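Okay, structure first, notes after.
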Amino acid sequence: MEITSQTGLMALIGDPVGHSKSPDMMNRAFQEMGLSYVYVAFQVKPHELRQAVEGLRALGVKGFNVTIPHKVEVMETLDELDASAREIGAVNMVMQTEGKWVGFNTDGMGYLRSLKEELNPDLKRARVILLGAGGAARAVGYALAQAGVESLTIANRTVEKAEALAEHLGRFTKTDAVPLGQAERAVKEATLVVNTTSVGMHPHVDETPIPIEWMHEGQIASDLIYVPRRTAWLQGAEARGAHIHAGMGMLIHQAAIAIEHWFQRKAPVPIMKEALIQSLSQPNAEL
Ligand code: ATR
């Protein structure tokens with residue numbers, strides 16, 4: 001794409017950002033859509049977050065993404081939050097609307113779209129267990145609860161965090177909380193098991209969040225981790241007859257939803273997937 005005086009800027013702010021795959025996906029999407037925009041990742045230190053957001057506003061950018069460690073703190077710099085950001089308590093996407101910065105969270109919806117695209121389970125009859133109770137669990141838990149799943153159990157190493165999240169989501173569906181180490185029965189009874197912890201992520205690729213023996217035929221094993229593309233837990237669950245859903249789809253769809261908000265057009269999901277796979281397979285990819 002030719003960069004001209006008409007070219008617009010879209011951004012990612014985080015710290016670090018050097019490993020992010022978003023610029024690869026976003027720039028390929030803009031190119032495919034014929035949009036004269038560039039997407040650039042900026043490393044922003046926490047004490048300069050407010051200036052960075054104000055700078056983007058002054059530059060007239062249409063929107064930007066936010067990643068670790070700014071997803072919570074950025075909320076204070078915005079004018080409004082949509083329901084997803086308020087309920088999840090974190091923002092990963094900002095859009096300028098009538099001069100106001102509005103914060104959204106597209107992670108939960110991105111997860112749901114990916115799950116529907118790949119496996120399309122009957123969510124109304126799903127008994128779900130979430131492994132983990134951090135930021136990713138809040139996003140996915142909110143999306144699943146909103147989708148009307150039958151029940152939602154939160155299993156976490158620190159059980160108090162699981163209890164707090166279960167209470168928060170209890171407004172939408174039946175919820176409960178258990179310590180991760182005592183989740184065997186809940187895992188066995190679940191139709192959808194979602195790993196939102198970082199256990200099994202590169203470089204600790206041999207670790208699993210729960211014993212593989214807890215998984216069985218017919219269940220869905222869903223892991224938010226995308227490096228490696230198939231975690232040891234997913235591989236083990238598949239060998240035991242579970243259907244598996246890996247983390248790459250969520251990453252693609254949260255970005256696609258951001259594009260759809262910013263430009264009011266459908267995002268080229270297959271092209272974004274191709275860009276992501278290419279980026280992840282580069283030998284020097286910083287992970
Ligand atoms: P994210 O935004 O990716 O969800 P986070 O908010 O730091 O990150 O949450 C990390 C989650 O992974 C938490 O649920 C954490 O459990 P604790 O709340 O007990 O810390 C979980 N987690 C991380 N490492 C873990 C490990 N080795 N075993 C079990 N759970 C782990």
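Counting convention: from 1, in listed order, for ligands and their atoms alike. Scope of the values below: all heavy atoms of this structure, side chains included, with no hydrogens, waters or symmetry mates. Nothing here was measured: the structure is a model prediction, and the numbers come from that model.
- By the criterion of side-chain heavy atoms lying less than 4.5 angstrom apart, applied directly or through intervening Ile, Leu, Val, Met, Phe, Trp or Tyr residues, L224 is not grouped with I252; the two fall into different hydrophobic clusters.
- Within the 4.5 Å cutoff, the side chain of K266 has no heavy atoms near those of the M33 side chain.
- W101 has its ring centre less than 6.0 Å from the ring centre of F64.
- Annotation for E260: atom CD counts as buried by contact number, over 12 foreign heavy atoms lying within 6.0 Å.
- Each of N92, N105, N65, D107 was evaluated against K71; a single residue qualifies, D107, per the side-chain hydrogen bond (donor to acceptor under 3.5 Å, both in side chains) test.
- Here the side chains of L144 and L112 are in contact, with some heavy-atom distance below 4.5 Å.
- Around ligand 1, the residues contributing at least one heavy atom under 4.0 Å from the ligand are G132, A133, G134, G135, A136, N156, R157, T158, K161, L180, T197, S198, V199.
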